[in-house]
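Since the structure comes first, as structure tokens, the remarks are kept for the end.
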Amino acid sequence: MSAFITTKEAAKFLNCSPQHLYNIRNRRKAALAQGDSDLAKKVAPEAIKIGGKLLFEESALEAWLRKYGDVA
């Protein structure tokens, strides 16, 4: 079973602010709206919103960081 972490924990893991995570998530959503899924994958890790909280899957966050960490 995958572990989900909060925005605050993900920001600490990525060494950035929680606000920065919200900003890059919005850029990801904009890229998806324009139909550019490749850019969306590079811009931000996948996240889900449950009960008003933004959550990141820990394994997906690590995989995104390994693959696109230099881009972010």
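- Pairs engaging residues 23-36 under the side chain to side chain donor-acceptor pair (under 3.5 Å) rule: Gln19-Asn23 [sequence neighbours left out].
- Leu39 is not connected to Leu32 by any chain of hydrophobic side-chain contacts under 4.5 Å among Ile, Leu, Val, Met, Phe, Trp and Tyr, and they are in different clusters.
- Interatomic distance, CZ of Phe4 versus CD1 of Ile48, reported as 4.0 Å (0.5 Å rounding).
- Heavy-atom neighbours of Glu46 CD from other residues, nucleotides or ligands within 6.0 Å: at or below the threshold of 12.
- Note: Ser59 OG to Trp64 CH2 = 14.5 Å, rounded to the nearest 0.5 Å.
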Evaluate side-chain contact (heavy atoms from CB on, under 4.5 Å) for Leu61 paired with Ile5, printing each intermediate quantity in order. CA-CA 10 Å; Leu61 194 61; Ile5 59 176; 3.6 Å; yes
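- Among all heavy-atom pairs drawn from Ile24 and Ala44, the shortest one is O-CB, 3.4 Å.
- Within the model, atoms NZ of Lys53 and NZ of Lys49 stand 12.0 Å from one another, a figure rounded to the nearest 0.5 Å.
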Could you go through residues 6-14 and list every donor-acceptor pair under 3.5 Å that involves a side-chain atom there, pairing it with any protein atom two or more places apart or in another chain?
{"unit_1": "Thr6", "atom_1": "OG1", "unit_2": "Glu9", "atom_2": "N", "d": "3.3"}
{"unit_1": "Thr6", "atom_1": "OG1", "unit_2": "Glu9", "atom_2": "OE1", "d": "3.4"}
{"unit_1": "Thr7", "atom_1": "OG1", "unit_2": "Leu54", "atom_2": "O", "d": "2.9"}
{"unit_1": "Glu9", "atom_1": "OE1", "unit_2": "Thr6", "atom_2": "N", "d": "2.9"}

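- Taking the side chain as every heavy atom from C-beta outward, Phe56 and Leu21 approach each other to under 4.5 Å.
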